[in-house]
Amino acid sequence: MATAVSSENGSTTLDATGERPYVVFGYGSLIFKPPPHVIAETPGFLKGYVRRFAQKSHDHRGTPENPGRVVTLIHKEDWDHFSGADPFPDDDVVWGVAYTIDPKYESEVRDYLDYREKDGYTLEEIDIFGIVDGHERVVIPKAYCYVGRPDNPSFIGSEPIEQLAEHIWRSVGPSGPNKEYLYRLAEAVRRLAPESHDSHLFELESVVKFTTYLRRERSPIEGRRFIMGPP
């Protein structure tokens with residue numbers, strides 16, 4: 001297996017043997033928790049897709065009895081069938097990071113990611129775009145990406161953002177609170193590039209943080225009522 005060579009504009013090219021490196025695109029937890037044995041990182045975006053908290057998490061940010069919500073990548077035309085409750089139906093760009101893996105560890109990393117993304121995700125090949133000299137262009141062709149298709153059993157579809165925020169606020173799994181996943185992802189996307197944005201992600205972050213604020217403000221009052229009795 002050949003080693004990847006990064007050009008000045010950030011694109012990944014073939015090496016002297018003509019082999020294509022193993023590159024995986026992260027759009028969810030892979031952004032803030034990268035896979036092992038990464039030798040190059042390239043921020044970029046996908047066109048014609050949306051990132052939504054439309055996937056149940058039974059094994060990381062929830063439990064089998066009370067699954068949390070994590071993001072999945074969905075073809076825009078597929079999402080249009082589920083987006084009745086989506087306040088941002090026109091989104092069609094998803095920012096993330098393309099990771100080039102050390103060829104010596106390609107098999108190990110593939111196994112690691114297949115296990116990590118086992119809960120309803122399918123591996124696809126997708127072109128990664130970037131901004132080069134002020135213009136959009138493909139910087140990495142056919143990177144691998146784990147996509148949650150609408151026919152997978154963990155796909156939940158579109159939920160009203162207030163309902164989704166409440167569910168994320170109270171969900172907890174083996175990997176920690178669901179809202180921690182949301183906060184870390186939103187912060188990581190902001191740091192990718194000056195152009196990186198995600199209307200749905202940032203709005204959901206704002207609603208969950210406001211929910212947390214309201215619960216904290218309410219707790220002392222409820223505590224006094226418990227001690228002193230109802231007014």
Side-chain angles (χ1 to χ4, degrees), residues 1-53 55 70-76 91-117 121-149 181-202 205:
M1 174 60 67
T3 302
V5 178
S6 295
S7 63
E8 292 182 358
N9 62 26
S11 63
T12 301
T13 60
L14 305 182
D15 73 355
T17 68
E19 295 188 46
R20 187 160 61 95
Y22 175 45
V23 182
V24 61
F25 183 77
Y27 58 88
S29 62
L30 283 177
I31 301 179
F32 59 82
K33 187 179 179 182
H37 308 301
V38 171
I39 60 175
E41 299 182 12
T42 305
F45 59 92
L46 311 178
K47 299 174 68 173
Y49 292 84
V50 296
R51 169 176 39 214
R52 290 294 184 267
F53 278 78
Q55 189 85 352
V70 292
V71 294
T72 186
L73 187 69
I74 310 164
H75 293 275
K76 179 64 168 65
D91 288 357
D92 64 352
V93 169
V94 176
W95 279 87
V97 180
Y99 297 104
T100 303
I101 304 302
D102 188 331
K104 296 191 298 294
Y105 300 98
E106 177 178 336
S107 179
E108 175 187 328
V109 174
R110 283 181 183 272
D111 290 343
Y112 164 81
L113 290 175
D114 284 346
Y115 179 80
R116 179 169 163 178
E117 309 296 338
Y121 292 89
T122 301
L123 195 62
E124 295 187 7
E125 290 183 310
I126 301 176
D127 290 338
I128 311 301
F129 289 80
I131 307 297
V132 181
D133 298 327
H135 300 283
E136 295 181 358
R137 57 163 290 183
V138 175
V139 293
I140 299 179
K142 297 187 180 301
Y144 292 101
C145 186
Y146 288 86
V147 178
R149 294 177 176 170
Y181 170 97
L182 166 65
Y183 296 159
R184 294 184 69 182
L185 178 57
E187 183 60 26
V189 170
R190 287 191 182 94
R191 294 178 178 177
L192 288 177
E195 303 86 0
S196 60
H197 187 74
D198 189 311
S199 300
H200 183 270
L201 174 64
F202 295 164
E205 175 197 33

[X] versus [Y], closest heavy-atom pair with distance:
X	Y	answer
A193	W95	CB-CZ3, 3.7 Å
A98	I140	CB-CD1, 3.5 Å
V71	G28	CG2-CA, 3.6 Å
Y112	P35	CE2-CA, 4.0 Å
S29	R116	OG-NH2, 3.1 Å
I126	C145	CD1-CB, 3.8 Å

Considering only heavy atoms from C-beta outward, does the side chain of [X] approach that of [Y] to under 4.5 Å?
X	Y	result
V97	L30	no
L46	I128	yes
D198	L185	no
Y99	V109	no
V70	Y181	yes
Y105	P36	no
L182	L201	yes

About how many Å separate [atom2] of [Y] and [atom1] of [X], when rounded to the nearest 0.5 Å?
X	Y	atom1	atom2	result
H75	R149	NE2	CZ	6.5 Å
E106	D111	CD	CG	10.5 Å
Y22	L113	OH	CG	4.5 Å
K104	I39	NZ	CD1	8.0 Å

Between E195 and I131, is the side-chain contact (heavy atoms from CB on, under 4.5 Å) condition met? List the steps. CA-CA 9 Å; E195 303 86 0; I131 307 297; 4.2 Å; yes

Test side-chain contact (heavy atoms from CB on, under 4.5 Å) on L73 and Y121 and set out the steps. CA-CA 9 Å; L73 187 69; Y121 292 89; over 6 Å; no

Going by the angle between their ring planes, with limits at 30° and 60°, are F129 and F45 parallel, tilted or perpendicular?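 Correct class here is parallel.
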
Classify the angle between the aromatic ring planes of H197 and F202 as parallel (below 30°), tilted (30 to 60°) or perpendicular (above 60°).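 Ring orientation, 0 to 90° scale: perpendicular.
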
Would you check if the side chain of D127 reaches a backbone N or O of K142 as a donor-acceptor pair within less than 3.5 Å?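 Yes: the side chain of D127 pairs with the backbone of K142.
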
Any donor-acceptor pair under 3.5 Å from S196 side chain to V189 backbone: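 Yes, because the side chain of S196 sits within donor-acceptor range (under 3.5 Å) of the backbone of V189.
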
Looking at Y144, I'd like to know if the NZ or CZ of R110 sits under 6.0 Å from its six-membered ring centre while staying within 45 degrees of the ring's axis.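 Checked: cation-pi criterion met.
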
Report the residue from K47, R52, R51 that forms a salt bridge (charged side-chain N to carboxylate O under 4.0 Å, His left out) with D91.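 Of K47, R52, R51, salt bridge (charged side-chain N to carboxylate O under 4.0 Å, His left out) with D91 is met by R52 alone.
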
Given the rule in the side-chain contact (heavy atoms from CB on, under 4.5 Å) test, do I101 and V38 qualify, once you have shown the distances and angles that lead to the verdict? CA-CA 5 Å; I101 304 302; V38 171; 4.0 Å; yes

For the residue pair D114 / Y146, report whether a side-chain donor-acceptor contact shorter than 3.5 Å exists.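 Their side chains do contain a donor-acceptor pair, which is all the 3.5 Å distance test asks for.
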
